[in-house]
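To keep things clear, I will list the structure first and then write my remarks on it.
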Amino acid sequence: MSYNFNSIEEKWLEKWKDEKVFEPRPEGKKFLLTVPWPYCNGALHIGHGRTYTIGDIVARYKRMKGLNVMYPMGFHISGTPILAFSKKIENGDEATINLYRSYLELYGDDPSKVSEFSVPSNIAEYFSDKIINDFTNMGFSIDWTRKFTSGEPIYNKFVEWQFRFLRDKKLIKRGDYPLLYSAEEGNPVGEDDILEGDTDKVSITQFTGVFFYVGDDVLLASTVRPETLDGVTNLFLNPKAQYCRIRMNGKTFIVSSRAFEKLKYQRDAEFVSNVKVEDYIGKKAKEPLNSREIPIFPAKFVDPDIGTGVDYSVPAHSVWDHVGLLEISEAPDYIYVIETKDQTLSMEDVRKKFGISGLDDKDKLVEATKYVYEKEYYHGKIVTGKFKGNIVKDVKDRISEDLVQSGIAIPIYETSRKAETREGNPVMVAVIKNQWFIDYSIEEWKEKVRELIEKMDLRPDSLRNQFLQTVDWIKERPCARKRGLGTKLPMDNAWIIESLSDSTIYTVVYTIIPFLRQMKFEEIDDELFDFIFFGKGQLSQKGEATRKIAEEARNEYLYWYPVDLRHTSYPHISNHLTFYLFNHVAIFPPEKWPIGISTGGMVISEGQKMSKSKGNVYPLLTIKRKYGADLFRMYLASNADVWYDVDWRTSEVENYSKKLDRFFSLLEDARNSKGEPDEKDLWIVSRMIDRITRSSKNYDSMKIREATVELFFNALNDIRDLENFSGKERALRAVKKFGKEWVLSLSPVIPFVAEEIYSMYGENGFASLQTYPSMENVYREQESEWNFIESIVEDFRSITKVSPIRPKKMIIGTAEEWKWKLLEESKSRDIKQMIKEATPERREFLLTLMKKKDLTQNIRNEREVLERYREDLARYLNVEISISEDASYTKKALPGRPAIRLE
RNA sequence: GCGGGGGUUGCCGAGCUAGGUUAAAGGUACCAGACUUAAGAUCUGGUUCCGUAGGGAUUCGGGGGUUCAAAUCCCCUCCCCCGCACCA
């Protein structure tokens with residue numbers, strides 16, 4: 001290490017802070033950039049750093065382009081995770097306690113303090129502090145004076161205002177809604193609450209419970225394939241299971257006892273009596289469509305814990321049923337109701353295909369069922385009944401609805417797989433009554449959002465389609481839960497606004513939060529927000545001081561809003577970002593709607609998804625200590641394009657460190673070099689100027705990777721070539737000509753190094769606040785000359801590669817004057833005509849010209865250039881060089897491509 | 001299935017929305033060499049195949065087509081990843 005990143009970073013952090021470099025005043029052309037606020041329930045790792053780093057690079061670049069940039073940040077604490085963790089710590093859950101101990105250790109705090117985390121707000125506070133620290137250390141140019149959290153009272157007031165507004169606009173409604181639920185815990189359960197819920201997702205599946213009549217009772221058979229009802233041949237009950245009679249809507253139903261336990265959370269169901277399964281097996285039941293009498297058989301494969309524990313059997317379309325009947329040696333008629341591509345799928349063929357010998361081949365049966373289901377679902381045509389001629393997938397839902405409407409079936413919800421909570425209780429589906437929704441299904445609302453999407457600045461381009469698609473399928477979204485941290489629903493305090501719904505327009509709060517903080521808490525109310533955002537009312541009830549602050553807040557809002565760019569990772573597209581658009585459209589006037597959105601990829605580590613078990617999760621803090629912020633930023637910026645995933649590979653990171661080191665010492669040495677550069681070396685200045693200009697365009701379109709590859713890697717390679725050709729001293733003198741501009745152009749990516757070098761070059765201000773460099777390129781000619789020389793070097797190499805001789809001498813013959821003339825002429829004339837008129841010698845040359853349209857011909861004075869470079873070139877290639885005009889040497893030469901003879 | 005994104009030279013990954021200047025950027029790995037007592041670091045050259053002269057042949061998931069010319073455009077096909085919701 002020739003530079004000590006720790007001391008450099010500390011030094012500049014302090015200076016930035018002292019001079020409030022990143023706390024913008026409302027002056028000039030503004031640029032408001034936001035990145036979703038982090039959820040603070042643990043230490044940040046490299047994955048978290050990415051979006052904020054990209055955000056910061058953009059912020060810093062825009063700042064250098066003369067915009068007044070605000071990059072604010074707050075913290076998200078709503079929802080269940082923090083609550084869940086603190087509860088686990090309170091309950092002594094060992095894994096959680098160890099995890100949080102490790103966080104404390106990481107930050108150098110006393111691990112025994114872990115018990116304090118049993119209070120949720122302590123978790124939020126502790127980690128938000130640490131995140132501020134981590135982010136600051138990463139060099140993020142965040143204005144922390146605008147910080148707030150989704151849990152603080154002022155923010156609660158704002159969200160309450162928002163929800164009353166939505167309610168008044170009739171965008172909020174109530175209804176029954178199925179949710180994953182734990183009866184034992186008395187709560188809905190989310191992914192985090194379910195054992196392996198993150199890796200093996202659980203969703204809600206709708207079953208159709210179909211009525212089969214036996215005397216006065218109804219056997220309630222559940223199915224996910226209501227389209228096969230016409231093909232039913234019998235019912236199956238599990239002879240080992242307990243069944244019971246229950247009453248719902250005045251009818252009595254027979255279901256498994258386990259089913260009743262779950263059903264009562266979905267509808268009003270009342271226990272009547274236990275029943276003996278033997279009393280039903282062997283009897284006949286009447287199916288509801290055509291009142292056919294069908295037998296009831298025993299079957300051990302029927303799981304009393306799935307659906308209702310009553311299975312209707314369609315052996316023509318179900319492998320289970322087919323195999324189940326084989327086992328009890330029953331051979332009913334196979335009634336086919338679905339055909340796939342003009343033929344029916346034979347269950348016997350499927351059984352053989354999958355090598356199923358009996359009901360014990362469970363895995364094979366599951367696989368075969370999936371096969372049959374997919375085939376018949378996507379390609380199956382219904383051949384009987386009301387829906388004849390339709391493809392299953394097109395009418396499946398309608399069939400179920402139709403059965404329910406006809407009064408012969410009810411919907412039943414079931415989990416997509418058997419699951420239990422982390423506390424070990426079964427997960428089931430409960431229908432929550434009077435759930436609150438935001439009704440995103442309203443067509444006029446959608447239409448406005450679509451209009452917004454059409455005109456927004458979206459990156460990458462494919463975002464537009466993804467958003468439009470999301471708008472199409474989005475419907476009502478439950479917006480409140482019964483537990484978690486957050487804002488209470490103003491219409492009903494028993495509910496807490498759900499954590500994504502409480503963070504849809506919070507970006508506007510950044511613009512006014514410092515002013516809200518100056519007010520008396522009681523004075524922050526709906527009237528105030530109406531005034532600030534809509535200019536409504538006079539605030540005549542409020543004090544003089546409050547009115548004045550409110551006025552300022554309104555001006556600040558008008559100045560900063562809307563958000564110019566919101567940057568985040570792609571998983572947010574179909575939820576957060578879409579809600580963000582919907583809510584802005586509903587609440588704000590069009591000129592305050594979002595202007596741009598960009599999405600980026602995630603971070604994987606050592607080629608794999610990050611996970612604790614793989615040991616490839618690196619905390620941000622450790623990375624910063626080990627490599628420094630600039631290195632981290634450089635790696636993230638240049639490893640992958642913004643919208644692709646970055647792969648964090650430690651071995652590669654180490655290599656970056658060497659490069660950054662070289663960059664630093666190179667600029668340091670250049671600064672100390674004395675004297676004017678050699679004219680011949682100025683090609684590097686030309687290349688650099690063009691690089692800096694091109695990179696500005698790349699930064700603009702968020703091609704950050706391309707910018708850094710150009711400005712950093714390719715530039716370093718050029719300088720290496722220059723050093724080799726001209727020697728270190730000369731190279732440094734040339735680098736000195738653009739050192740300052742070079743480092744400024746990279747300052748958005750490596751701000752600390754940039755500041756250090758910038759000041760090393762004798763400048764007083766902050767590199768971070770300089771204008772992005774632009775230099776006039778007056779060295780194009782030198783670059784062309786160098787390109788010419790370089791091509792000779794390449795040719796020399798490719799010859800020596802295949803030729804066995806070790807050359808002592810290189811004789812170069814440049815193209816004769818007549819060739820140049822012909823070339824010139826060919827540009828304005830039909831070359832075929834010229835060939836016809838030409839002498840044999842010229843003709844050959846013209847034919848070559850026709851083939852090689854790419855001849856480099858920037859240098860007209862090749863001989864003169866060669867003379868000038870001869871000495872350097874000879875030293876570099878370690879050969880003696882002579883330039884010959886002798887026809888034997890020039891014969892094969894072309895303009896831009898002199899003939900080379902090695903001896 | 002729907003929607004989105006991909007399949008490129010050992011690996012990662014550009015280029016492909018303006019077809020030729022691309023055997024194909026950059027990184028990494030590997031081989032040879034320089035330096036060094038040695039290793040590491042650094043630097044140089046090389047890494048599809050053939051070739052005693054800067055050349056040629058074959059490559060960009062597979063197949064077909066358009067074109068003087070295709071990794072790049074069109075059609076068909078195979079495979080992979082992500083999202084499809086109440087979870088931050």
Side-chain angles (χ1 to χ4, degrees), chain A residues 36-41 76-82 177 179-180 188-194 197-198 201 203-204 374 377-379 391 393-394 435 437-438 440 460-470 472-481 484 498-501 503 570-576 578-579 601-602 607 635 638-641 643-647 649 651-652 655-656 658-659 661-662 703 705-706 708-710 712-714 716-717 720 723-724 791-792 794-805 807 850-856 892 897-902:
Chain A
W37 44 11
Y39 189 80
C40 35
N41 66 329
H76 199 204
I77 68 165
S78 331
T80 51
I82 288 182
Y177 197 75
L179 279 180
L180 293 176
V189 291
E191 198 176 289
D192 296 331
D193 308 310
I194 297 169
D198 48 346
K201 294 202 179 193
S203 58
I204 295 171
E374 282 185 1
Y377 180 74
Y378 294 118
H379 309 291
I391 299 296
K393 76 177 170 69
D394 298 331
Q435 168 71 48
F437 297 93
I438 298 180
Y440 291 121
D461 292 337
S462 59
L463 263 186
R464 201 174 313 278
N465 267 336
Q466 294 198 56
F467 272 127
L468 289 173
Q469 167 72 15
T470 308
D472 283 344
W473 66 247
I474 198 169
K475 14 180 226 229
E476 305 89 348
R477 178 186 168 88
C479 63
R481 324 176 61 173
E498 174 272 330
S499 57
L500 276 179
S501 300
S503 307
Y570 57 75
H572 281 142
I573 296 167
S574 63
N575 45 59
H576 165 71
T578 301
F579 303 153
M602 318 274 277
Y635 188 85
S638 64
N639 181 273
D641 271 323
W643 25 90
Y644 294 119
D645 291 349
V646 157
D647 189 359
R649 288 174 189 265
S651 62
E652 290 196 23
N655 282 306
Y656 270 62
K658 289 169 208 154
K659 285 263 191 309
D661 220 28
R662 175 168 146 71
K703 289 182 184 165
R705 174 177 206 256
E706 200 164 325
T708 51
V709 167
E710 279 258 8
F712 194 68
F713 295 97
N714 292 348
L716 283 173
N717 285 350
R720 188 192 59 208
E723 278 181 0
N724 288 331
S791 75
I792 290 175
E794 265 167 42
D795 286 346
F796 174 84
R797 290 239 164 89
S798 44
I799 296 168
T800 50
K801 205 172 107 187
V802 285
S803 167
I805 64 164
M850 215 165 78
K851 270 189 267 172
K852 299 205 169 211
K853 288 177 183 165
D854 55 305
L855 276 184
T856 18
K892 281 168 79 185
R897 191 90 199 273
I900 295 170
R901 169 106 210 137
L902 300 185

| request: Using side-chain hydrogen bond (donor to acceptor under 3.5 Å, both in side chains) as the criterion, point out the one residue from A/His576, A/Glu498, A/His76 that pairs with A/Ser503. | output: A/His76
Suppose you measure atom [atom1] in [N] against the same atom in [M]; what distance do you get, rounded to whole Å?
| N | M | atom1 | result |
| --- | --- | --- | --- |
| B/C12 | B/G6 | C1' | 15 Å |
| B/G19 | B/C80 | C1' | 28 Å |
| B/A25 | B/U8 | P | 15 Å |
| B/U72 | B/G83 | P | 30 Å |
| B/C78 | B/U28 | C1' | 30 Å |
| B/A18 | B/A57 | C1' | 30 Å |
| B/G5 | B/G13 | C1' | 16 Å |
| B/U47 | B/A24 | P | 10 Å |

| request: Could you please name the partner base of B/C2, counting Watson-Crick and G-U wobble pairs only when both distances are under 3.5 Å? | output: B/G83
Nearest whole Å is fine: how far is [N] [atom2] from [X] [atom1]?
| X | N | atom1 | atom2 | value |
| --- | --- | --- | --- | --- |
| A/Phe796 | B/U44 | CZ | P | 17 Å |
| A/Glu706 | B/G26 | CD | C1' | 11 Å |
| A/Leu468 | B/C84 | CG | C1' | 16 Å |
| A/Tyr644 | B/G5 | OH | P | 9 Å |
| A/Glu794 | B/G54 | CD | P | 15 Å |
| A/Tyr570 | B/G6 | OH | P | 13 Å |
| A/Tyr39 | B/A88 | OH | C1' | 7 Å |
| A/Asn465 | B/G5 | CG | P | 7 Å |

| Parallel under 30°, tilted from 30 to 60°, perpendicular over 60°: which one fits the rings of A/Tyr656 and A/Phe713? | perpendicular
| query | So, the side chain of A/Thr800 versus the backbone of A/Arg797: is there a donor-acceptor pair under 3.5 Å, distance only? | reply | yes
| message | Can you say whether a donor on the side chain of A/Asp641 sits under 3.5 Å from an acceptor on the base of B/A14, or the other way round? | response | no
| For B/C84, does either OP1 or OP2 sit under 4.0 Å from a side-chain N or O belonging to A/Ser574? | no
| Between B/G45 and A/Arg797, is there an OP1 or OP2 to side-chain N/O distance shorter than 4.0 Å? | yes
NA contact type, [X], heavy-atom cut-off 4.0 Å: base, sugar-phosphate, or nothing?
| X | value |
| --- | --- |
| A/Pro807 | nothing |
| A/Trp643 | nothing |
| A/Asn41 | nothing |
| A/Ser78 | sugar-phosphate |
| A/Lys475 | base |
| A/Arg901 | base |
| A/His576 | nothing |
| A/Asn717 | sugar-phosphate |
| A/Ala899 | base |
| A/Leu463 | nothing |
| A/Asp647 | nothing |

| message | Can you work out whether A/Ser499 or A/Asp645 has the more 5'-proximal nearest nucleotide on RNA chain B? | response | A/Asp645
| request: Name the residue closer to the 5' end of RNA chain B, choosing between A/Arg649 and A/Pro571 according to the nucleotide with the nearest heavy atom. | output: A/Arg649
| task | Please round to the nearest 0.5 Å and tell me the distance separating atom CZ of A/Arg705 and atom CG of A/Asp641. | result | 6.0 Å
| query | Going by atom types only, do A/Thr578 and A/Tyr440 share a side-chain donor-acceptor pair under 3.5 Å? | reply | no
Counting only side-chain heavy atoms from C-beta out, which of [options] sits nearest to [X]?
| X | options | result |
| --- | --- | --- |
| A/Arg705 | B/G4, B/A14, B/G27 | B/A14 |
| A/Asn724 | B/C86, B/U44, B/G26 | B/U44 |
| A/Val709 | B/G54, B/G26, B/C86 | B/G26 |

| request: Kindly indicate, with the supporting measurements, whether the criterion side chain to side chain contact (heavy atoms under 4.5 Å, CB included) is fulfilled by A/Glu652 and A/Tyr635. | output: CA-CA 9 Å; A/Glu652 290 196 23; A/Tyr635 188 85; 4.0 Å; yes
